[in-house]
Amino acid sequence: MTQRFLRAGERDVLVEFPTLADAVAARAALEGSPIPGVTDAASGARTLMLHFDQKVTNRAAVEAAVAALEPGAGLGVREAPPIEIPVVYDGEDLDDTAALLGITPDELIAAHTGRTWVCAFGGFAPGFAYLVSDGASLDVPRLAAPRTRVPAGAVGLAGEFSGVYPRESPGGWRLIGRTELPMWDLARTPPAAVPVGAAVRFTRVNAAEVGR
């Protein structure tokens, strides 16, 4: 893996990776082998921003430690049980998305529920988790014209990601279902239902089970 180290302040190192999978694997390796003095790590699509304590370490030592990480194969799914997200698969774009992939809606649901997803990074809105998987590609383009209103709890696909809208907002992801699980709750610790690095499994439920 070839990383590129970029200066991002007196106490931060921005590490750029060739691919999203490399960045996710490096993040997982960092969790397994923390670097002394690194107090925070923020993930991006192909980056890690590492904040370090100058009383403990320095930039050169952090960069050397990152270069020495030994990321495992795949996405480095945690051993902890995955977070389960119950989904009613009745999204407005379910049929069209399945058609884009050349499969049936039931096959798309089976593919979405039959794999473990990992939160690669967060963004867009508090609680929005960009989920990736090792499974066969469900890569679909965003809508040509984003919706002006996507309801909270909508479950979608876009590019190589799946995600859940934590609140009502505009959006261009292809909606395949919905969940009642709050994705962001300030009364919860942590507030995000799916923190970065967490594993996720979607489970299929029917509308009667969630009351609507």
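Keep in mind the model is a prediction, meaning the values are calculated, not measured. All residue numbers refer to positions in the sequence shown, counting from 1.
By the 4.5 Å heavy-atom criterion applied to side chains, I35 and L30 are counted as neighbours. Using a 4.5 Å heavy-atom threshold, the side chains of P195 and P190 count as touching. Side-chain contact between R178 and V87: absent, with no pair of heavy atoms (C-beta onward) separated by less than 4.5 Å.
With respect to E92 and R147, a salt bridge is recorded, a charged nitrogen being found less than 4.0 Å from a carboxylate O. R149 and E168 are joined by a salt bridge, as a carboxylate oxygen and a charged side-chain nitrogen come within less than 4.0 angstrom of each other.
Residues passing the side chain to side chain donor-acceptor pair (under 3.5 Å) test with R188: none are found, sequence neighbours excluded. Shown here are the side chain to side chain donor-acceptor pair (under 3.5 Å) partners of T19, two or more places apart in sequence or in another chain: D22. In terms of the ring-ring contact (aromatic ring centres under 6.0 Å, His included) criterion, residue partners of Y130 (sequence neighbours excluded) are, by chain and number, F121, F128, F161, W173. Applying the side chain to side chain donor-acceptor pair (under 3.5 Å) criterion to E84, with sequence neighbours excluded, gives no partner residue.
Of all non-hydrogen atoms in A23 and A45, the two that sit nearest each other are CB-O, 4.1 Å. Heavy-atom minimum distance, R142 versus A158: CG-CB, 3.8 Å.
Screening residues 95-116 for ring pair (Phe, Tyr, Trp, His ring centres under 6.0 Å) gives Y89-H112, H112-W117, H112-F202 as the qualifying pairs, with residues at least two apart or on separate chains.
Side-chain contact, R204 with T113: no donor N or O sits under 3.5 Å from an acceptor N or O.
In R115, the CZ atom is crowded: over 12 heavy atoms of neighbouring residues, nucleotides or ligands sit closer than 6.0 Å.
Here R174 contributes atom CZ and S162 contributes atom OG; the two are 13.5 Å apart, rounded to the nearest 0.5 Å.
With a 4.5 Å cut-off between side-chain heavy atoms of Ile, Leu, Val, Met, Phe, Trp and Tyr, the cluster of L14 takes in L6, M49.
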*asked:* side-chain contact (heavy atoms from CB on, under 4.5 Å) for E63 and V13? Distances and angles first, verdict last.
replied: CA-CA 8 Å; E63 293 180 0; V13 174; 4.1 Å; yes
